Amino acid sequence: MDPFGRHIDYLRISVTDRCNERCLYCMPEGYKGWAQRADHLTPDEIVRVVESSTTLGFRKFRLTGGEPLVRQDIVEIARRIRELPGVKTLGLSTNGLLLKDLAEPLKQAGVRSINISLDSLDSATYQKLTGGRLENALEGIEAAMNAGFEVVKLNCVLLRGINEDQIVPLTEFGAARNMPVRFIELMPLAPGGPIDDGHFFSVIEAMERLMETDALDHAIDKPQGHGPARYYRTRRNGALVGFIGSVTCEDFCTTCNKLRLTADGKLRPCLGQNGEIDLIPALRNGSDLNELIAEALQEAIANKPESHSFGDDFKVNRPMTAIGG
Ligand code: SAM
């Protein structure tokens, strides 16, 4: 329990700050702040943190990055986490580019749910925004569907003037595949880049855009998940759509149940505040490892702020790619 009565049982683990895409809202242009590979937590260290966290009641875990699939040992990491007795669910967030070959092994390793980023169905826009090839992401989505994960969701960051015309097509794409699509408000997490406040597009505007063509009903049968999305169904084609109002939704943080672990071993209590607790001394120099890790986790929970500071001229100390989305 944190100081605001929230039950913290979800750890989002970044396994690398590297990525095979260059999303303009995630990584500042020409970013050079990469962690050294030696600074990345090893599979043993990640497993050790997960194991300690389960003794405190953490049950839900998600692997992310950067792009988690660029790590050669990602399947091993997933399998070893899933084998730990206290772990109830394991998810993974990816851009999908490498999923064609990895979907099946990840499913076998015990990953339950996959979130795939898909910001546009227009290949030129997709390429401009992410630096990647839409075709590869679509192949990854298909592979995830075929592998039989319990949940596959699509994530789209809303960007005024760039992909706002994709709200309806992406919703229809999700509906045709029975995949929930979640629209996410842009957070200021890639400072100094070409994407700024002028590109902000709220979830309310996205809902209005959808309602121009179809009615939206509150979804009672929303997908299992641990995130902050509010779900609706379009009345005509039955698409399940989630809205993540990270910036405009006033009570966004009231149900926050997570801590983040960066690839270089920092516990981050909140995405929208810069406080971090360094786990490396406990992991690499400590004698009573489990106790020290559990203490650091407890400190991070005690330091969770009531809410993020996105609206308060917040300046992030590391970009999203180095935090873990
Ligand atoms: N590479 C993986 C991917 O593409 O999903 C995992 C990491 S990525 C940082 C995780 C999620 O964070 C993605 O859905 C991405 O769109 C989202 N994201 C990144 N930067 C963001 C920002 N500035 N505002 C809102 N969402 C952001």
Side-chain angles (χ1 to χ4, degrees), residues 12-29 31 62-71 74 78 91-99 102 106 111 113-120 125-126 129-134 136-138 140-141 144 152-160 162-163 166 170 174 179-203 206 225 227-229 242-249 252 258 260-263 268 271-272 308 310-311 314-316 318-325:
R12 204 171 275 198
I13 305 162
S14 173
V15 293
T16 178
D17 58 351
R18 316 283 160 122
C19 191
N20 50 358
E21 288 196 326
R22 291 288 177 271
C23 298
L24 298 177
Y25 50 75
C26 185
M27 189 189 297
E29 246 176 343
Y31 178 64
R62 172 166 295 274
L63 297 169
T64 183
E67 171 51 43
L69 302 193
V70 302
R71 248 187 98 142
I74 188 65
L92 182 138
S93 295
T94 174
N95 57 33
L97 297 194
L98 298 175
L99 209 46
L102 284 169
L106 286 166
V111 172
S113 73
I114 298 264
N115 291 353
I116 306 173
S117 290
L118 186 64
D119 292 326
S120 179
T125 307
Y126 184 92
L129 192 55
T130 69
R133 288 184 62 212
L134 175 66
N136 297 131
L138 296 179
I141 291 168
V152 181
K153 296 181 203 146
L154 303 175
N155 282 341
C156 166
V157 178
L158 294 161
L159 297 162
R160 184 175 306 282
I162 296 182
N163 67 354
Q166 294 294 301
L170 280 168
M179 264 178 208
V181 181
R182 287 133 34 108
F183 293 104
I184 307 172
E185 282 179 350
L186 173 69
M187 294 174 275
L189 296 173
I195 299 291
D196 58 22
D197 291 352
H199 293 100
F200 184 80
F201 193 92
S202 72
V203 287
F243 297 93
I244 304 187
S246 18
V247 176
T248 59
C249 182
F252 187 73
K258 59 179 163 290
R260 287 185 155 79
L261 174 63
T262 67
R268 195 168 171 114
L271 184 57
H308 63 66
F310 289 137
F314 172 66
K315 302 265 182 298
V316 74
R318 47 163 100 206
M320 181 65 134
T321 191
I323 298 176

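Predicted, not measured: the structure shown is a model, and the values here were computed from it. Start at 1 and go down the list; that is how both ligands and their atoms are numbered.
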Between ligand 1 and the protein, tabulate every N or O atom pair separated by less than 3.5 Å, reporting distance only.
from: ligand 1; atom 1: 1 (N); to: G66; atom 2: O; distance (Å): 2.9
from: ligand 1; atom 1: 1 (N); to: E67; atom 2: OE1; distance (Å): 3.0
from: ligand 1; atom 1: 4 (O); to: S117; atom 2: OG; distance (Å): 3.0
from: ligand 1; atom 1: 5 (O); to: T94; atom 2: O; distance (Å): 3.4
from: ligand 1; atom 1: 5 (O); to: S117; atom 2: OG; distance (Å): 2.8
from: ligand 1; atom 1: 14 (O); to: S117; atom 2: OG; distance (Å): 3.1
from: ligand 1; atom 1: 16 (O); to: Y25; atom 2: OH; distance (Å): 3.3
from: ligand 1; atom 1: 23 (N); to: Y25; atom 2: O; distance (Å): 2.8
from: ligand 1; atom 1: 23 (N); to: M187; atom 2: O; distance (Å): 2.8
from: ligand 1; atom 1: 24 (N); to: M187; atom 2: N; distance (Å): 2.9

Item to check | With sequence neighbours excluded, residues passing ring-ring contact (aromatic ring centres under 6.0 Å, His included) with H199 | outcome: none
Checklist entry - Should the pair F310 and F314 be assigned to parallel (<30°), tilted (30 to 60°) or perpendicular (>60°) ring geometry? => result perpendicular
Item to check | Backbone N/O of N95 and side chain of E21: donor-acceptor pair under 3.5 Å | outcome: no
Item to check | Modelled atom types, side-chain donor and acceptor of T125 and Q166, under 3.5 Å | outcome: no
Checklist entry - Is R268 reaching over with its side chain to a backbone N or O of I323, donor-acceptor style, under 3.5 angstrom? => result no
Next on the checklist: For N155, is there any backbone N or O sitting under 3.5 Å from a side-chain donor or acceptor partner on S117?
Outcome noted: no
